[in-house]
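Okay, structure first, notes after.
Read the numbers this way: they start at 1 and go in the same order the structure lists the ligands and their atoms. Fair warning: this is a prediction, and the values are worked out from it, not measured in the lab. Position 1 is the first residue of the sequence; numbering continues from there.
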Amino acid sequence: MSYNLLKGKKGIIFGALDENSIAWKTAERVHEEGGTFVLTNAPIAMRMGKINELAEKTGSEIIPADATDVDDIQNLIDKSMEILGGKIDFVLHSIGMSVNVRKGRHYTDLKYDWLEKGWDVSAVSFHKVMQVLYKSDAMNEWGSIVALTYMAAQRTFPDYNDMADNKAYLESIARSFGYFFGKDKKVRVNTISQSPTPTTAGQGVKGFDGFISYAEKMSPLGNATALDCANYTVSLFSDLTKRVTMQNLYNDGGFSNTGVSQEVIERFTEE
Ligand code: NAI
């Protein structure tokens, strides 16, 4: 269903890798709601070529950018404003990667150069994107910037590894930059804390299948899907949420406030 919530709005969407990506679903929904945007991803991710399908479907252009490289981000933002014909109304940061997770390195045995790489990609890149947007005065007033996060920033999930720390850092950047973006440019900055979702990044976490079915059984409304996340993001990009800022917003079917559920109790009750 479409409500034309983003009619006339222009943006940049980071992180659509394939049709499972949360950013992919978000691009589809933003398009349905009348928004126009530039798609971007790391040059290496372009090699898969999948993103071309999404670009065609949504009438979008693609500009490759490594989100850890400030020159790439500057080029992306300058070119996006040219293509879209003006300043930006919305940005989705949907980027995450930990080398330690990828290589199966335990949290008590991290390699620190891998940690730094993952931290740069998953957390500092959000600061870099916002700093370039801010300095270039590239955002329209009442614009909206969203990044995606996970509850391991607040509570321990052992296999989430150093991504937990990256997400805590990311959420803090949203608050810190949100203050200045709000005061100086009337732009809001939020993070959405999403349920486990079967995507390339999600499935890279050890024990993901157990993780996702446990969350499903713990959440009164069940796990939020990638489409649910896309819809929530659309609402945050729309004019209906103009003074929501500096928040970490849970889109998790109630998981984060549930101590235990009946389904989980039943599995641990001896007959
Ligand atoms: P995904 O694997 O489809 O997306 C991750 C994206 O990050 C990919 O498109 C990848 O190319 C991009 N990326 C990696 N390094 C990059 C770089 N240097 N520059 C630019 N882009 C780069 O997976 P998903 O799940 O859609 O991930 C999107 C966001 O959602 C991430 O921040 C992730 O941590 C977050 N999230 C995912 C959950 C899940 O269970 N899948 C749960 C909660 C949050």
What part of Thr149, side chain from CB on, backbone N/CA/C/O, both or neither, has a heavy atom under 4.0 Å from ligand 1?
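Backbone only.
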Mind checking whether Ala45 contacts ligand 1 via backbone (N, CA, C, O), side chain (CB onward), both or neither, at a 4.0 Å heavy-atom cut-off?
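The answer is the side chain.
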Using heavy-atom distances only, which candidate in [options] approaches [atom] most closely?
atom                    : options                       : value
atom 6 (C) of ligand 1  : Ser94, Gly204, Pro43, Ala201  : Ser94
atom 38 (C) of ligand 1 : Ser195, Ser122, Gly96, Ser98  : Ser195
atom 34 (O) of ligand 1 : Lys167, Lys117, Lys25, Met163 : Lys167

Nearest to [atom], what protein heavy atom do you find, and at what distance?
atom                    : result
atom 11 (O) of ligand 1 : Asn41 OD1, 2.7 Å
atom 18 (N) of ligand 1 : Asp66 OD1, 3.0 Å
atom 37 (C) of ligand 1 : Ile22 CD1, 4.1 Å

Any chance the side chains of Tyr250 and Asn257 put a donor and an acceptor closer than 3.5 Å?
no
Ligand-side contact atoms (ligand 1) for residue partner Ala65, heavy atom cut-off under 4.0 Å
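Counting atoms of ligand 1 from 1, those under 4.0 Å from Ala65 are 19 (N), 20 (C).
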Contacting atoms of ligand 1, where contact means under 4.0 angstrom from a heavy atom of Gly15:
4 (O), 6 (C), 8 (C), 9 (O)
Test your reading of the structure: does [X] have an N or O sitting under 3.5 Å from an N or O of ligand 1?
X      : result
Val121 : no
Ala67  : yes
Asp18  : no

For ligand 1, is there an atom lying under 4.0 Å from some heavy atom of Pro198?
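Not so, Pro198 does not reach ligand 1.
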Are the aromatic ring centres of Tyr150 and Phe157 under 6.0 angstrom apart?
yes
